[in-house]
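We number each residue from 1, following the sequence as shown.
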Amino acid sequence: VKDAAKIVLDVERIAEEYACKGDLVATVGKLTSKVAYDALITGADSINTIPGNISFKLEGWSDHVKASYGRIAEKRGVTYNIKRDNDSYIVEVIGVAGHSGGTPMGKKYRKDALAAASEMILDTPDNLVADSDNIPLYVDVRSNDEAYRTKAMQEIIREASGRCITISDPTEKSQPITSLDKSLQSSLEKSAKQLDIETEYLPSGASHDAMKAAQAGIPTTMLFVPS
């Protein structure tokens with residue numbers, strides 16, 4: 001569990017560095033940890049989602065742990081609560097959920113429940129952490145710059161490999177980066193200017209249906225209106 005937590009924080013650190021320099025969004029959105037039928041970490045269920053709530057299991061509790069978790073929660077802008085479960089404790093961390101392509105990973109961008117839970121786990125004495133021999137986790141990396149995305153992914157893989165983790169398939173399962181129709185974009189910008197509305201071009205990290213339409217040869221663009 002602690003190795004998995006270290007990788008989550010490695011990904012967060014690398015992703016935040018890349019996001020500060022260019023277009024990149026990364027997410028650890030899916031993580032599975034079970035001993036028999038007993039889930040040790042729950043809430044990270046989808047590669048396409050920033051988890052909003054993460055729960056993890058402890059074998060004990062102490063004043064040191066309570067103080068540490070309070071500091072981490074305050075620093076990261078999340079909350080947490082704890083409940084007794086027979087001889088164990090379940091810690092629930094409540095952050096802010098979102099789409100994995102929408103907000104860069106990092107403490108300055110997100111209130112990421114999984115990253116906060118990972119930091120809490122690493123600051124917990126080993127004898128209190130319920131552990132597992134096998135914890136698959138999935139990293140989603142998005143950018144409109146393919147070379148930049150590949151570079152970030154390679155750095156993440158190097159960090160994970162250095163922690164004696166088995167990477168079952170390091171090959172990128174990447175979708176092609178798709179540019180939308182520039183003529184349609186110009187038409188929308190012209191219409192906005194006629195209405196005295198400011199415009200800004202921006203990349204989208206999400207896989208919208210517009211991407212599939214453009215890949216099929218249909219002239220396509222998108223318009224985002226702030227609410």
Side-chain angles (χ1 to χ4, degrees), residues 1 3-34 39 41-56 76 78 93 95-119 121 134-163 165-180 202-212 214-215 222 224:
V1 168
D3 282 336
K6 288 174 184 176
I7 290 179
V8 171
L9 296 181
D10 284 342
V11 174
E12 181 186 51
R13 173 181 52 79
I14 293 167
E16 186 168 10
E17 290 172 0
Y18 275 77
C20 288
K21 300 174 185 175
D23 166 33
L24 187 117
V25 177
T27 298
V28 183
K30 187 175 181 180
L31 185 151
T32 306
S33 174
K34 289 187 176 182
I41 300 175
T42 59
D45 302 319
S46 171
I47 193 64
N48 295 317
T49 304
I50 302 166
N53 291 46
I54 293 292
S55 296
F56 61 92
R76 286 185 169 270
V78 302
V93 182
V96 177
H99 190 283
S100 59
T103 309
M105 193 173 190
K107 292 187 285 293
K108 66 182 291 185
Y109 300 112
R110 295 183 185 174
K111 296 179 180 178
D112 192 318
L114 182 56
S118 297
E119 192 170 342
I121 288 169
N134 183 26
I135 303 180
L137 58 83
Y138 300 80
V139 181
D140 179 275
V141 181
R142 304 182 186 215
S143 174
N144 284 279
D145 183 331
E146 190 168 352
Y148 200 59
R149 179 178 66 184
T150 298
K151 184 181 177 183
M153 213 38 233
Q154 289 173 343
E155 188 168 341
I156 289 168
I157 289 169
R158 281 198 303 271
E159 286 287 333
S161 300
R163 297 200 179 281
I165 304 300
T166 300
I167 301 174
S168 59
D169 184 4
T171 304
E172 290 187 66
K173 298 176 180 177
S174 303
Q175 296 190 54
I177 296 168
T178 304
S179 297
L180 300 183
L202 74 160
S204 173
S207 299
H208 296 280
D209 292 341
M211 180 185 77
K212 298 296 184 182
Q215 289 172 358
M222 298 181 68
F224 293 89

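Residues L24 and V141 are in side-chain contact: their nearest non-hydrogen atoms beyond the backbone lie under 4.5 Å apart. Taking 4.5 Å as the limit, some side-chain heavy atom of L137 sits within range of a side-chain heavy atom of I7. Annotation: side chain of I41 is in contact with side chain of I121 (closest heavy-atom distance under 4.5 Å). Under the 4.5 Å side-chain criterion, counting only non-hydrogen atoms from C-beta, R149 is not in contact with Y18. A heavy-atom distance below 4.5 Å is not found between the side chains of E119 and V8. For the pair S55/N53, no side-chain contact is recorded, criterion being any heavy-atom separation below 4.5 Å from C-beta on. Between S100 and T49, every side-chain heavy-atom pair lies at or beyond the 4.5 Å cut-off. Within the 4.5 Å cutoff, the side chain of S118 has no heavy atoms near those of the F56 side chain.
Checked for salt-bridge contact, R13 and E159 meet the test: a charged N lies under 4.0 Å from a carboxylate O. We find that E16 and K108 are not joined by a salt bridge, their nearest charged nitrogen and carboxylate oxygen being 4.0 Å or further apart.
Rounding to the nearest 0.5 angstrom, the gap separating the NZ atom in K111 from the OG1 atom in T103 is 12.0 Å. Atom OG1 of T178 sits about 3.5 Å away from atom CD of Q215, to the nearest 0.5 Å. Taking CZ of R158 as the start and CG of D10 as the end, the distance is 12.0 Å to the nearest 0.5 Å. We find the OG-CD1 distance between S161 and I156 to be 11.5 Å, quoted to the nearest 0.5 Å. In this structure, the separation between NE2 on H99 and OG on S46 is 8.0 Å, given to the nearest 0.5 Å. For the atom pair CG (D145) and CD1 (I177), the distance works out to 6.5 Å, reported to the nearest 0.5 Å.
Across all their heavy atoms, I54 and A44 have their closest contact at CD1-N, 3.6 Å. V11 and A26 make their closest contact through CG1-CB, 4.3 Å (heavy atoms, listed as atom of the first residue, atom of the second, distance). Shortest non-hydrogen contact noted between G52 and A113 is O-CB, 3.5 Å. Summarising the geometry of Y148 relative to G22, their closest heavy-atom pair is OH-N, 3.4 Å, with the distance given to 0.1 Å. Looking at every heavy atom in both residues, E12 comes nearest to A115 through OE2-CB, 3.5 Å. Across all their heavy atoms, A152 and I14 have their closest contact at O-CG2, 4.4 Å.
Judged by distance alone, the side chain of R76 and the main-chain N or O of D112 form no donor-acceptor pair under 3.5 Å. T27 places no side-chain N or O within 3.5 Å of a backbone atom of G29 that could act as its donor or acceptor partner. Judged by distance alone, the side chain of R110 and the main-chain N or O of P104 form a donor-acceptor pair under 3.5 Å. Looking only at distances, a side-chain donor or acceptor of S143 sits under 3.5 Å from a matching main-chain atom of D23.
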